[in-house]
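The residues of the chain are indexed from 1 along the displayed sequence.
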Amino acid sequence: MTDVTQVSASDRVLSPSLVRLLCAVFGAAASFYLLLSVVPLYAAGDGAGGAKAGLATAALMLSTVLTEFVVPRLLSRYGYRTVLALGLALLGAPAALLVVSSALPLVLAVCLARGAGLAIVVVAGTALVAELVPSGRRGEGLAVYGVAFGAPGVLGLPLGVYLSSRVGFEAVFVVATIVSLAALAALPGLPGKIHRGEPGSGQRRWVLRGLRGSGLLPPTIVFTAVTVAVGVVVTFLPLAAPADLHWLAGVALLVQAVAVLVARWAAGRYGDRHGSSRLVAPALVLTASGLGALVLVHSPVAVIVGMVLFGLGFGAAQNATLAVMYERAPATDYARVSAVWNLAYDAGMGIGAVGFGVLVGATGYPAAFGLTALVVALALA
């Protein structure tokens, strides 16, 4: 008997449930990206510089990583709709507390809460896409999902930085709260639990158990290396840009965000037709090259070109590694695969932010960017 999950490439990607999911994810991503670079700037506003900025991003990512271990169990027990509602609430509501104070304990507490919300949304959302999209169009379905989550970053990252300097941090925090909570309106039309094969079997397994022998480890390592670079760029590029080029960080973040969307969409379509595994190594090379270009961080041309390369590599790596991991896992393990991939994403960002924050104090920004690019490139081995 033919596996019912194997369908022709002509089957449609978008369904009403997937459209609702994309709307919810769009709101969550808008809240996330608006504050991703703003909160480190807010934390560093008292002159503490890179150390507090790095701690803010690290707290966000640490909470995200720790929560991702338990999301598959939450999905197995409560279903997608309830778990996504919890994630949106945690991602949005705590941001409003930042209006009160920039004291480090409060900033870190808010980052921890929002990190938990982010973990819930990304793990549940990515797993639900794999459930809703026909397997023959999975690469393209993941690309559509990636665009829905990444599109807010095109404007959100630079817009958050710009607005915080023009209308103040407080207004940005309020907007980030509203857009996440408004996304709750899309959830009633989503399915609760979807079971393929043996219900919940993969979700109840320890997330990292059997990773080495499953074929999931190589793409996980590569994607972790890529996201180390991401943690460096989103946290420290606004701080490293020359003061007399106040526009550079915003434009560079905008350029890389657009490149990510283009690359992720192209990688999804290419992967469905020719295989996603072919894209993994080129994506890693592009990412390392783009980060290495920031050695010339005082040159606007080098920064912009570097962020184009970086965005293309990051976008291709996102889609290619996730598609490869789904190809190598049974349907009952979709939530677990989503958790592993997102763990690689967020652990890499946290490691990048903390490690670079320590390194830059000893070497300065140009040398630190170069050394980090070399470390990222080592994943080719």
Donor-acceptor pair, side chain of S76 and main chain of P72, under 3.5 angstrom: no
F26/Y145 aromatic ring centres below 6.0 Å: no
Side-chain (Q256) to main-chain (V308) donor-acceptor, under 3.5 angstrom: no
Contact summary for A183 and A24, nearest pair of heavy atoms: CB-O, 3.6 Å
Student check: side-chain heavy atoms of T220 and W341 closer than 4.5 Å: no
Flag side-chain contact, heavy atom, 4.5 Å: L86 against T82: no
Donor-acceptor side-chain pairing of R114 and S63 below 3.5 angstrom: no
Intermediate values then yes/no, side chain to side chain contact (heavy atoms under 4.5 Å, CB included), M307 and V260: CA-CA 10 Å; M307 287 301 94; V260 167; over 6 Å; no
4.5 Å side-chain heavy-atom contact, L296 and P366: no
F32/V121 under side chain to side chain contact (heavy atoms under 4.5 Å, CB included): CA gap, chis, key distance, verdict: CA-CA 11 Å; F32 171 67; V121 170; over 6 Å; no
Beyond-backbone contact of L88 with L181, side-chain heavy atoms, under 4.5 angstrom: no
Sub-4.5 Å side-chain heavy-atom contact between P219 and R328: yes
Straight-line distance of S31 OG to F173 CZ, nearest 0.5 Å: 11.0 Å
Stepwise side chain to side chain contact (heavy atoms under 4.5 Å, CB included) test for L248 and V297: CA-CA 10 Å; L248 181 57; V297 70; 5.9 Å; no
Side chain S276, main chain N319, donor-acceptor under 3.5 Å: no
From CA spacing to verdict: side chain to side chain contact (heavy atoms under 4.5 Å, CB included), L184, L84: CA-CA 8 Å; L184 290 166; L84 280 168; over 6 Å; no
Validation row: M325, F223 side chains within 4.5 angstrom (heavy atoms): no
F356 and F369 aromatic ring geometry - parallel, tilted or perpendicular at 30°/60° bounds: tilted
Ring centres under 6.0 angstrom apart (Y326, Y334): yes
Side-chain donor/acceptor of R273 to backbone N/O of R269, under 3.5 Å: yes
